[in-house]
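Because only heavy atoms are used, hydrogens play no part in the values below, and waters and symmetry mates are left out as well, while side chains stay in.
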Amino acid sequence: SPPCDLLKFLNDQFTQMDMICAAHGVTKIETVAEEYVAAVGVLPDDIEQDKAGRHVCLLERLLKAAGEIMREQTEEVKYKMGIHTGPIFAGVIGGKLPRYRLFGDTINTAARMMQKCERGMLQFGTETYQDVPVSLRSQVCHRGDVQMKGKGMVTTYTYEPDQVSETFEGMPSSPSKHFQKRHEANQRMSLAFQPVSFEWASEAEEADRNFEDTLKSHQTSDHESSKKRRRLFLSEKDGFTDDMEKGWFKWYHEHAICHKIVRRFGTQATIVLIVSGMEFMVFVFDPPLQLWGVTYWEPKNRLLKFVYLRLFVLLGNHLLWLLSEFSDWMKEHPKSVQGLLLLNSMFDIVAVYFSYEALFISNEHEFVPKMLFSQKVQVSIDQLLTLNFVLFVFLFMRTHALLFWPSCLFIPVTGACIFAPSLIAMVHYGLGVWKKATNLEGVQQAYNESMYALNGEFFFMIMVFVFVALAHSEEDQSRLRYKLKHAIETTSKRTADIL
């Protein structure tokens with residue numbers, strides 16, 4: 001059956017049991033899935049009555065209530081019921097949504113009686129049978145011994161009430177009270193789905209109709225939302241209201257961006273300082289006048305260019321590192337903080353790239369002929385150092401959990417750095433061909449203007465796309481966690497309102 005139909009069925013059954021138990025003075029304890037738990041002798045008045053030796057009267061109320069419930073059975077709906085008599089421990093447990101619960105062997109044995117009972121019957125043992133009122137003994141039958149888990153063979157009896165409903169003390173004197181209880185139960189159940197307003201219904205049919213309309217509207221809204229086309233990007237954003245979007249953005253900023261941000265800035269600044277220092281040492285102390293390596297000192301400003309660019313990167317990181325110490329300001333200005341992080345990361349990528357351009361000399365026009373003349377066939381050390389640029393791109397893109405759409409800006413920024421030399425050289429070459437000032441041999445020289453080969457450039461951009469895809473996945477997962485968190489909080493609040 002559809003969930004809404006099952007919910008309505010259980011609501012109808014349990015509401016009817018609530019009214020019968022209330023009419024007979026039987027205390028409802030809880031419902032567990034499709035099981036209904038009730039007892040007598042647990043309220044103060046019942047306890048006093050039991051101490052006065054009138055337990056038979058308590059059991060009579062319970063059996064009469066059970067009889068009324070059994071008469072509600074149909075060919076399609078049959079109940080399995082179990083009763084046991086004995087001491088019980090009872091109390092309220094939990095601090096949030098506290099519940100009154102029963103504990104002890106008595107409640108466990110009653111559950112065993114229910115589980116081993118035949119459909120449409122009520123079963124109990126010798127402890128209950130000896131207290132059955134004389135007026136009801138004629139409706140009790142000896143069933144025999146039944147094997148029960150943890151109990152062994154247990155002698156059991158069944159209660160088969162007369163099919164004619166009895167008039168009992170405590171039954172609502174007017175139909176309007178009966179309908180009012182049913183209406184109030186349906187109204188409380190409907191609040192679990194959406195807030196609705198009912199006008200007072202004096203008939204049970206109108207109360208049922210309101211409850212069914214609520215279920216159908218909820219089922220229809222779920223069906224319509226499932227038919228909507230899912231987003232190509234950030235699919236978990238579906239179902240976010242404006243308030244949820246603002247709440248998620250603030251929650252994400254506090255738990256993903258601001259969490260341990262001081263440590264992240266410290267780690268980032270330390271890595272930049274160590275790697276830059278090692279590269280500087282290679283730049284300065286490599287034997288001079290080498291035909292390969294970074295000590296090819298033309299032009300003379302390579303060292304200053306490298307040092308200044310790395311100092312700018314370190315300065316920006318340290319300023320943000322200092323700003324991150326003001327945690328209250330960071331949390332109160334999420335858009336400004338994430339904008340600064342994005343701009344700083346893009347600036348760092350561009351600055352580090354041009355600092356490697358200062359180091360990289362093995363693509364100079366005069367380098368290859370000199371290398372061939374000197375028979376130096378080793379890989380140039382400047383080409384090895386430029387591989388560190390991959391490390392820096394990873395560091396600047398992944399240190400802070402930037403959102404997906406801002407992360408997409410890394411694609412054009414990094415692509416411009418990587419492809420710009422080749423594109424500029426190709427444009428110059430094309431203009432030269434158009435002016436008939438060069439030949440096809442210049443194509444290779446156009447590619448050599450970049451630090452990386454053409455296929456390396458494409459693989460580098462694939463890596464950047466992978467980092468952006470990771471940002472997309474992380475944001476989607478974060479939205480899903482927040483959506484579940486919001487649903488739990490909303491359900492808890494509605495449940496508290498119902499209780």
Side-chain angles (χ1 to χ4, degrees), residues 14-32 35-72 79-94 98-114 117 121-143 148 150-151 154-162 164-174 177-178 181:
F14 289 164
T15 301
Q16 186 69 19
M17 294 178 188
D18 287 342
M19 291 186 292
I20 293 175
C21 288
H24 285 280
V26 176
T27 305
K28 175 185 177 181
I29 305 300
E30 62 179 339
T31 57
V32 182
E35 297 179 3
Y36 188 97
V37 183
V40 291
V42 294
L43 297 181
D45 292 342
D46 289 354
I47 294 175
E48 293 297 326
Q49 190 174 3
D50 182 64
K51 290 179 179 180
R54 301 181 59 190
H55 182 74
V56 174
C57 298
L58 298 178
L59 183 59
E60 181 178 11
R61 284 159 36 196
L62 183 62
L63 289 174
K64 286 185 176 181
E68 287 296 319
I69 292 174
M70 294 177 70
R71 293 187 187 97
E72 297 294 326
Y79 304 133
K80 296 171 65 175
M81 305 174 69
I83 295 179
H84 191 65
T85 301
I88 204 77
F89 293 94
V92 177
I93 61 174
R99 300 172 63 188
Y100 182 78
R101 300 291 303 274
L102 302 181
F103 302 93
D105 183 69
T106 300
I107 188 70
N108 294 335
T109 304
R112 297 284 186 269
M113 291 290 178
M114 180 271 295
C117 182
M121 298 174 59
L122 183 152
Q123 181 173 251
F124 49 83
T126 304
E127 293 82 357
T128 303
Y129 176 75
Q130 63 188 9
D131 290 326
V132 173
V134 177
S135 60
L136 299 178
R137 289 286 177 112
S138 60
Q139 302 174 28
V140 176
C141 299
H142 180 265
R143 185 185 179 190
M148 294 188 182
K151 301 292 181 182
V154 179
T155 301
T156 62
Y157 301 84
T158 59
Y159 176 62
E160 300 177 2
D162 296 334
V164 179
S165 177
E166 301 177 3
T167 301
F168 48 84
E169 183 181 359
M171 183 68 184
S173 58
S174 67
K177 294 182 179 180
H178 175 84
K181 289 179 177 290

What's the shortest heavy-atom distance between [X] and [Y], and which atoms?
{"X": "Thr158", "Y": "Phe124", "answer": "C-CE2, 4.4 Å"}
{"X": "Leu102", "Y": "Ala90", "answer": "CD2-CB, 3.5 Å"}
{"X": "Pro161", "Y": "Arg71", "answer": "CB-NH2, 3.8 Å"}
{"X": "Glu60", "Y": "Pro133", "answer": "CB-CG, 3.5 Å"}
{"X": "Leu122", "Y": "Ala66", "answer": "CD1-CB, 3.2 Å"}
{"X": "His24", "Y": "Arg61", "answer": "O-NE, 3.3 Å"}

Is the closest side-chain heavy-atom distance between [X] and [Y] below 4.5 Å?
{"X": "Val37", "Y": "Ile107", "answer": "yes"}
{"X": "Asp105", "Y": "Lys151", "answer": "yes"}
{"X": "Val132", "Y": "Leu59", "answer": "yes"}
{"X": "Cys21", "Y": "Thr27", "answer": "no"}

Trace of the side-chain contact (heavy atoms from CB on, under 4.5 Å) decision for Ile20 with Glu72
CA-CA 11 Å; Ile20 293 175; Glu72 297 294 326; 4.3 Å; yes

What distance separates [X] [atom1] from [Y] [atom2], expressed to the nearest 0.5 Å?
{"X": "Arg143", "Y": "Tyr157", "atom1": "CZ", "atom2": "OH", "answer": "13.5 Å"}
{"X": "Met121", "Y": "Met81", "atom1": "CE", "atom2": "CE", "answer": "12.0 Å"}
{"X": "Arg112", "Y": "Gln123", "atom1": "CZ", "atom2": "CD", "answer": "13.0 Å"}
{"X": "Ile83", "Y": "Met114", "atom1": "CD1", "atom2": "CE", "answer": "12.5 Å"}
{"X": "Asn108", "Y": "Met148", "atom1": "CG", "atom2": "CE", "answer": "12.5 Å"}
{"X": "Leu43", "Y": "Gln49", "atom1": "CG", "atom2": "CD", "answer": "11.0 Å"}

Measure from NZ or CZ of Arg137 to the centre of the six-membered ring of Tyr129 and say whether it is under 6.0 Å with the direction within 45° of the ring axis.
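Satisfied, under 6.0 Å and within 45°.
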
For Thr128 and Met113, run side-chain contact (heavy atoms from CB on, under 4.5 Å): C-alpha distance rounded to whole Å, both residues' side-chain angles, the deciding distance at 0.1 Å, then the answer.
CA-CA 11 Å; Thr128 303; Met113 291 290 178; over 6 Å; no

Walk me through whether Asp131 and Leu58 qualify under side-chain contact (heavy atoms from CB on, under 4.5 Å).
CA-CA 10 Å; Asp131 290 326; Leu58 298 178; over 6 Å; no

May I ask you to check whether Tyr36 and Phe14 place their ring centers less than 6.0 Å from one another?
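Yes, the ring of Tyr36 comes within the 6.0 Å limit of the ring of Phe14, centre to centre.
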
Between Tyr100 and Val42, does the side-chain contact (heavy atoms from CB on, under 4.5 Å) criterion hold? Intermediate values first, please.
CA-CA 11 Å; Tyr100 182 78; Val42 294; 3.8 Å; yes

State whether Lys64 and Glu68 are salt-bridged, where the test is any N-O pair (Lys NZ or Arg NE/NH1/NH2 against Asp/Glu carboxylate O) under 4.0 Å.
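Judged by the 4.0 Å cut-off on N to carboxylate O distance, Lys64 and Glu68 do not form a salt bridge.
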
